[in-house]
Amino acid sequence: MNLDKLLKTISALLLTSSLAVHADDEGKPTKSKEPKLLPPAVSLDTGLLLQPVLTLPDFTYEKFAAEMSTVGPEKIHKEWTSPVVALAKHPQTNPKGLTHDEVKAYMTEVKQMFDEGKANPVSDVGLISTQEDVIRQPMLNHVAAFSNDVVRAYLLVQRTASDHGWSYYSIVQDLTAEPKIHYFAELKKDGPELQATSCYKCHSSGPLAIHPARGDLVLDAKLLAAVDKHIAEQPRSEFYFPPDNPKPPTGKELTMKFCARCHNDDDGDRAALFQLQSHAIRVMVDFGYMPPNRHLKPEEVAELKAFLEHKPKP
Ligand code: HEC
Ligand code: HEC
């Protein structure tokens, strides 16, 4: 069986299992409340990608599982009940905007919880960071979500297949600030360092839903679906740019209705997208994840392509 066929078979299986029906209290069949599993990544050949699709044929599940466990097998692929791990209650009642020290303390805490095996990470080979202009080799990610009344926090533990050490990144969303704020940081040896310029290129709306490069390169597809649902439903919030890490030039705003009705700064579910985000846009649309409920028509793809290439509308 060739890879395309295999992916389509896996996709069909995943779809059938996510449509499993249950009976409600009165015996009427209801759709399962569990989040739908993500359909596997299959390129639609839209012509939006700048480089050939990477399917990583030599990267077997066994190799993937072994590489992922180098972070410490006891920290990953765990039994879980809630996809989002509860953080201790914030010491202060009703804070109005957290200080940078408080934000950094949450970042340090989520790394510590991961190190102690108290997180529920989803482990995958990321689609967006593996394809195209980034590295073109498996990007290994462990992503864990946490929350309490005042923050939503995330930890990313990451390395490329050819590196040895793991790097740590965190996002903390301050729910008490008005408007709410997303803080981004790399967690270095001596603590979190707030960053933003390079992160904004992909993370325009804050945390990104997890998309594995291949359906089999993920530990716990159910956990992934649940974490993705949590990320998709996050409240809108502003990006924090530290003074030494300003907002980069964005290029033009994407205003085409078929994207901007959800991605806009006024009443969108997600923040506006710009030419700067072209990498994530190319991958999400080519692999059929955006828009969420249909595929673009050829003339819409042409319009999007012209926009990304800084050309006038065809
Ligand atoms: C090339 C695009 C890209 C850039 C640049 C980038 N990220 Fe990400 N990041 C991703 C993707 C894609 C995911 C989702 C992981 C997956 O699909 O496996 C992610 C996930 C994360 C997560 C886990 C929570 C979530 O959003 O899913 C954190 C934390 C994170 N990134 C922090 C950062 C920080 C901090 C920076 C800047 C220093 C940064 N990222 C830069 C693409 C990027
Ligand atoms: C019906 C609403 C809707 C439409 C229409 C839509 N999106 Fe999205 N988009 C979302 C949601 C919700 C997310 C976050 C969850 C996810 O990534 O699955 C998202 C995520 C994204 C991301 C990742 C960055 C982010 O904001 O999280 C990109 C890039 C993206 N969409 C591009 C597009 C493009 C390009 C189009 C038009 C071709 C489009 N979207 C149309 C709702 C939409």
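Counting starts at 1 for both ligands and their atoms, following the listed order.
Atom CH2 of Trp80 is separated from atom CG of Asn120 by 8.0 Å, given to the nearest 0.5 angstrom. With rounding to the nearest 0.5 angstrom, the CD atom of Gln173 is 6.5 Å from the OH atom of Tyr154. The CD atom of Glu109 sits 12.5 Å away from atom CE of Met107, with the distance rounded to the nearest 0.5 Å.
The residue Val125 has no part lying near ligand 1, judged by heavy-atom distances below 4.0 Å. Proximity of Ala185 to ligand 1, defined as any heavy-atom pair under 4.0 Å, is confined to the backbone N, CA, C and O atoms. If you look at Asn141 next to ligand 1, the close heavy atoms, those under 4.0 Å, all belong to the side chain. Contacts between Lys201 and ligand 1 below 4.0 angstrom, taking non-hydrogen atoms only, are absent altogether. Neither the backbone nor the side chain of Pro212 comes within contact range of ligand 1; no heavy atom lies under 4.0 Å. Contacts with ligand 1 closer than 4.0 Å are made by heavy atoms of both the backbone and the side chain of Leu208. Contacts between Leu273 and ligand 2 below 4.0 angstrom, taking non-hydrogen atoms only, involve the side chain exclusively.
The hydrophobic clustering, which links ILVMFWY residues whose side-chain heavy atoms are closer than 4.5 Å, places Leu273 and Leu304 together.
Each of the following atoms of ligand 1 lies closer than 4.0 Å to a heavy atom of Phe184: 34 (C), 35 (C). Set against the non-hydrogen atoms of Ser198, the atoms of ligand 1 under 4.0 Å away are 5 (C), 37 (C), 38 (C). Taking every non-hydrogen atom of Pro207 and a distance limit under 4.0 Å, the qualifying atoms of ligand 1 come out as 26 (O). Short contacts between ligand 1 and Gln195, defined as distances under 4.0 Å to a heavy atom of the residue, involve ligand atoms 38 (C). Proximity to Ile231 (heavy-atom distance under 4.0 Å) selects the following atoms of ligand 1: 27 (O). In summary, the atoms of ligand 1 found under 4.0 Å from a heavy atom of Cys202, numbered by their order in the structure, are 1 (C), 2 (C), 3 (C), 4 (C), 5 (C), 42 (C), 43 (C). Ligand-side atoms of ligand 1 in range of Gly126: 18 (O), range being under 4.0 angstrom from any heavy atom. Near Asp124, meaning under 4.0 Å from one of its heavy atoms, ligand 1 places the atoms 16 (C), 17 (O), 18 (O).
With Asp124 contributing its side chain and Ala213 its backbone, the two residues share no donor-acceptor pair below 3.5 Å. Distance alone, capped at 3.5 Å, places no donor-acceptor pair between the Ser69 side chain and the Gly72 backbone. Judged by distance alone, with hydrogens and angles left aside, the side-chain atoms of Asp228 form no donor-acceptor pair with the main-chain N or O of Ala209 at under 3.5 Å. Judged purely by atom type and a 3.5 angstrom limit, Arg214 has no side-chain atom pairing as donor or acceptor with the backbone of Pro40. Proximity of a side-chain donor or acceptor of Ser82 to a complementary backbone N or O of Val85 within less than 3.5 Å is not detected.
In summary, an N, O or S atom of Met290 is located under 2.8 Å from atom 8 (Fe) of ligand 2. Here His203 reaches atom 8 (Fe) of ligand 1: one of its N/O/S atoms is less than 2.8 Å from the metal.
In terms of polar-atom proximity, defined here as any N/O pair under 3.5 Å, Cys199 makes no such contact with ligand 1. Between Arg261 and ligand 2, no pair of N/O atoms sits closer than 3.5 Å. The shortest N or O to N or O distance between His211 and ligand 1 is under 3.5 Å. Of the N or O atoms in His263, one or more lie within a sub-3.5 Å distance of an N or O in ligand 2.
Closest to atom 29 (C) of ligand 1 by heavy atom, among Ile171, Thr197, Asn245, is Ile171. In this structure, of Ser205, Ala209, Ala271, the residue bringing a heavy atom nearest to atom 18 (O) of ligand 2 is Ala209. Among Ala280, Ser204, Cys259, Pro292, the residue whose heavy atom sits closest to atom 37 (C) of ligand 2 is Cys259.
Of the N and O atoms on the side chains of Gln234 and Arg152, not one donor lies less than 3.5 Å from an acceptor on the other residue.
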